[in-house]
Amino acid sequence: MARLLIIEDHPLFREALESAIRAALADAEMREATSIDMAVDLLSSPARFDLILLDLATPGTTGLSGVIRVRKAAPRTPILVVSAHQDPGLVAHVLALGVSGYISKSTSKLQLADAIKAVLSGDVHVEAGSLGTGARRASLPARDLLKRLHELTPQQLRVLDLIRCGLQNKQIAYELGICETTVKVHVSEILRKLRVMSRTKAIVEMEKIDFVNLISGPRPSGADELMTAGTTAAREAPQA
């Protein structure tokens, strides 16, 4: 029995993903996480997952840092990104992080089911035409930053996200349940690995991997097919 983790905060999209998973694997066991922190906790538990489905915009993440945190928490588990963002440059950046697939939320349930099967069988799945010239358009500063972010530990990535949220060392210590001295050590290491001299510079660097800076085209209006599937599943759930 395949075990899958869905990282998605929108209830209708979660319903849609569950429906697509059932179409691909009728007996699959599924767990849900509505934030990156919750996902990392689940991935740190003794339970092991065969596939992770991840929405890039899940709470607890800055740009692509959520993908990196999940990748570090489960380095051997394939990740299929399911996102409303379809810009080729963004797709290229995400694939460079070692994910096993990238598919749009506007895809059909059948196509998503096929993508899930492909990734579980060991393939890398990307929709036809979704990369385009993305590999060339992917900005060099962002690619360099992603390499540096890979050097951070999972805890340092969490501290970095909290720094970007505007929290000071004492607040970060309280949030993570660690002492302030430990936070200071993490901050020093973060600045060293990112090759910056201050917290402000670190925040500026993180802006380089924000969606608004990575996406060159118009923002997508939505994911009608998956949303419709999710609404249908929600209607049918009480009758099951």
Side-chain angles (χ1 to χ4, degrees), residues 5-11 13-14 31-45 47 49 52-75 77 79 81-85 90 93-94 96-99 139 141-215:
L5 175 61
I6 300 172
I7 308 175
E8 165 66 67
D9 68 311
H10 198 294
F13 282 132
R14 286 202 306 274
R31 296 290 302 274
E32 298 176 355
T34 56
S35 70
I36 297 298
D37 286 346
M38 183 178 178
V40 170
D41 286 343
L42 285 171
L43 293 169
S44 300
S45 69
F49 295 93
I52 299 167
L53 286 84
L54 169 65
D55 176 13
L56 290 179
T58 302
T61 180
T62 301
L64 301 184
S65 66
V67 182
I68 299 173
R69 289 184 63 198
V70 171
R71 177 78 288 164
K72 282 184 171 289
T77 307
I79 298 173
V81 170
V82 185
S83 175
H85 303 290
L90 177 61
H93 278 306
V94 173
L97 294 174
V99 305
S139 68
R143 277 189 285 177
D144 178 62
L145 174 58
L146 291 174
K147 289 180 181 178
R148 283 179 275 151
L149 285 171
H150 263 302
E151 298 177 12
L152 300 182
T153 67
Q155 187 77 315
Q156 289 166 358
L157 285 166
R158 183 69 181 112
V159 170
L160 180 57
D161 274 334
L162 294 175
I163 288 174
R164 191 178 185 277
C165 290
L167 274 64
Q168 298 302 310
N169 289 350
K170 185 177 293 185
Q171 296 168 306
I172 294 172
Y174 177 80
E175 185 75 19
L176 298 181
I178 58 180
C179 66
E180 190 173 352
T181 302
T182 302
V183 174
K184 291 178 180 178
V185 172
H186 283 318
V187 172
S188 296
E189 280 297 290
I190 289 168
L191 299 183
R192 182 184 68 80
K193 291 177 180 179
L194 293 185
R195 303 171 203 160
V196 295
M197 299 299 294
S198 68
R199 298 163 71 105
T200 301
K201 290 290 187 181
I203 293 172
V204 171
E205 285 290 282
M206 291 299 287
E207 292 291 338
K208 293 177 183 177
I209 60 166
D210 241 336
F211 297 135
V212 69
N213 294 318
L214 288 176
I215 296 172

- Any ion pair linking Arg192 and Glu189 (charged N to carboxylate O, less than 4.0 Å)? yes
Report the distance from atom [atom1] of [X] to atom [atom2] of [Y], rounding to the nearest 0.5 Å.
| X | Y | atom1 | atom2 | result |
| --- | --- | --- | --- | --- |
| Ile79 | Leu53 | CD1 | CG | 10.0 Å |
| Asp161 | Ile36 | CG | CD1 | 9.0 Å |
| Leu42 | Arg31 | CG | CZ | 5.0 Å |
| Leu191 | Gln156 | CG | CD | 10.5 Å |
| Arg199 | Leu194 | CZ | CG | 12.5 Å |
| Ser35 | Asp9 | OG | CG | 9.0 Å |

- Message: If you define the side chain from C-beta out and look only at heavy atoms, does anything of Leu90 sit under 4.5 Å from Leu56?
- Response: yes
- Message: Is there a side-chain contact between Ile178 and Gln155 in this structure, where contact means two heavy atoms from C-beta onward sitting under 4.5 Å apart?
- Response: yes
So which atom in [X] and which in [Y] form the shortest heavy-atom distance, rounded to 0.1 Å?
| X | Y | answer |
| --- | --- | --- |
| Cys179 | Ala173 | C-CB, 3.9 Å |
| Ala73 | Pro75 | C-CD, 3.6 Å |
| Met38 | Ala33 | SD-CA, 3.7 Å |
| Leu160 | Ala202 | CD1-CB, 4.3 Å |
| Phe49 | Leu43 | CD1-CD2, 3.8 Å |

Side-chain donor/acceptor of [X] to backbone N/O of [Y], under 3.5 Å:
| X | Y | answer |
| --- | --- | --- |
| Lys201 | Val196 | no |
| Lys72 | His150 | yes |
| Arg71 | Gly98 | yes |
| Arg69 | Pro154 | no |

- Task: Quick one: do Thr34 and Arg14 satisfy side chain to side chain contact (heavy atoms under 4.5 Å, CB included)? Show the steps, please.
- Result: CA-CA 9 Å; Thr34 56; Arg14 286 202 306 274; 3.4 Å; yes
- Give the intermediate values and the outcome of side chain to side chain contact (heavy atoms under 4.5 Å, CB included) for residues Val67 and His93. CA-CA 11 Å; Val67 182; His93 278 306; over 6 Å; no
Can you spot which of [options] makes a side chain to side chain contact (heavy atoms under 4.5 Å, CB included) with [X]?
| X | options | answer |
| --- | --- | --- |
| Leu162 | Gln171, Glu175, Gln168, His186 | Glu175 |
| Val159 | Val185, Leu176, Thr182 | Leu176 |
| Ile7 | Asp55, Ile52, Val82 | Ile52 |

